[in-house]
2 protein chains.
Amino acid sequence: MRARNIKPTAMRELVLEVLSRQTAAIGLPELEEHFEKADRTTLYRTLKTFEEKKLIHKIDDGTGTVKYALCSETCECEPDDLHVHFLCKKCEKTYCLYNIPVPTINLPPGFQLDGVNMVVNGICSNCRT
Amino acid sequence: MRARNIKPTAMRELVLEVLSRQTAAIGLPELEEHFEKADRTTLYRTLKTFEEKKLIHKIDDGTGTVKYALCSETCECEPDDLHVHFLCKKCEKTYCLYNIPVPTINLPPGFQLDGVNMVVNGICSNCRT
DNA sequence: ATGAGGGATGCAACTGTATTGCAAAGTTAT
DNA sequence: ATAACTTTGCAATACAGTTGCATCCCTCAT
């Protein structure tokens, strides 16, 4: 996991472990609840570091809380690596649809594309049963 | 313009006028700057009303400030009406790409699609010259 | 071993956006 | 004119995110 060039401290190991246990993306406030002792700032900076090193990616699902989820092994967070996210408005959870790539967009002339944030919202399969 | 069933007050006329003058989407803080006397709350609620009545639509571009832009005449904010948005990371402006519809997404079985938020970021044609 | 340097952590304070409660002002219909 | 309802303004609050600074910990060179 530290092929991403991150110094593995105890804190970071723990945070990474929590992250890998998630089935949905997780935000800073929710991450805090998993730790009694750790400080918000530390978690904040840990997420920031992880994101910079492309171990996790940021998802802004419009709920007001930025969420994070693990990147795939080979992800470089380039436009080609990106996938669609799904926000369920019932359970409020945000899922990575890893196998649904973000469609290619043809921008007007003169526009340079660097990244895409695509969040689909609706009701997830769990909440519809 | 009030085919959208909104009671036309003086404030609302003014806000709408400012909105229609924009070439880029505008957020509440920036909207405030256009008014010396009006209160933030009033503007906030005006935007909210406009949004509910589908006169404007919300854009969460990930900058931390939700932006708004006018809907097209016939827009009902259904998935079919949606277009792509572009956030320039240089000028920080967010543009509606009205003529680029959001691509259709095939969700996994059991998922119900209600809406899509798609924001492309990069450098706009103005900033690249 | 030891001490210096650099990164990591924790605490506290702060920023900025969004939001709500409540009272005052305005509008509309009878 | 008056009652019912809506809109506006002020104040206060909530909450995520962020920064400054001091402390701690680890590593490396002497």
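Note that the structure is predicted; figures quoted are calculated from it, not measured. Each chain gets a letter, A, B and so on, in the order the sequences are listed, and its residues count up from 1. These numbers come from the heavy atoms of this one structure, side chains and all, not from hydrogens, waters or symmetry mates.
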Integer-rounded Å distance: [N] [atom2] and [X] [atom1]:
X       : N      : atom1 : atom2 : value
B/Leu14 : D/dG9  : CG    : P     : 11 Å
B/Glu52 : C/dT19 : CD    : C1'   : 14 Å
B/Leu47 : C/dT17 : CG    : P     : 14 Å
B/Lys67 : C/dA18 : NZ    : P     : 9 Å
B/Phe35 : D/dC10 : CZ    : C1'   : 18 Å
A/Asp60 : D/dG17 : CG    : C1'   : 12 Å
A/Ile59 : D/dA16 : CD1   : P     : 17 Å
B/Asp39 : D/dG9  : CG    : P     : 6 Å

Can you figure out which of [options] approaches the side chain of [X] most closely?
X       : options                : value
A/Thr9  : C/dT9, C/dT20, C/dA18  : C/dT9
A/Thr65 : D/dA16, C/dA13, C/dT20 : D/dA16
A/Pro29 : D/dT8, C/dT17, D/dG17  : D/dG17
B/Tyr44 : C/dA18, D/dG17, C/dT9  : C/dA18

Check your understanding: Toward the 5' end of DNA chain D, which comes first, B/Thr46 or A/Gly64, by nearest nucleotide?
Key ->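 By nearest-heavy-atom nucleotide position, the 5'-most residue is B/Thr46.
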Revision key, fill the gap. Closest non-hydrogen contact found for A/Leu97 with A/His83 is O-CB, 3.3 Å
Review point. Could a donor-acceptor pair under 3.5 angstrom be found where the side chain of A/Arg40 meets the base of D/dG17?
Key: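 Answer yes: a donor N or O sits under 3.5 Å from an acceptor.
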Practice item. Look at the side chain of B/Arg45 and the base of D/dG9, then say whether one donor and one acceptor between them are separated by less than 3.5 Å. Key: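 Donor-acceptor pair under 3.5 Å: yes.
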Review point. Below 4.5 Å, heavy atoms only, C-beta onward: do B/Lys90 and A/Gln112 meet side chain to side chain?
Key: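 The answer is no, as the side chains (C-beta and beyond) never meet within the 4.5 Å cut-off.
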Exercise for review: Report yes if the side chains of B/Val116 and B/Ile105 come closer than 4.5 Å at any heavy-atom pair, otherwise no.
Suggested key: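 No - every pair of side-chain heavy atoms lies 4.5 Å or more apart.
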Check your understanding: Can we say A/Glu52 and A/Lys48 salt-bridge, meaning some charged N sits less than 4.0 Å from an Asp/Glu carboxylate O?
Key -> no
Review point. Base, sugar-phosphate alone, or nothing: which one does B/Arg12 contact when heavy atoms must sit under 4.0 Å apart?
Key: sugar-phosphate
Practice item. Have a look at B/Thr41 and say if it touches a base, only the backbone sugar-phosphate, or nothing, with a 4.0 Å heavy-atom cut-off. Key: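 Touches a base.
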Review point. Taking for each residue the nucleotide of DNA chain C with the nearest heavy atom, is it B/Lys7 or B/Lys48 whose nucleotide lies nearer the 5' end?
Key: B/Lys48
Review point. Taking the side chain from B/Lys54 and the backbone from B/Cys77, do they hold a donor-acceptor pair closer than 3.5 Å?
Key: no
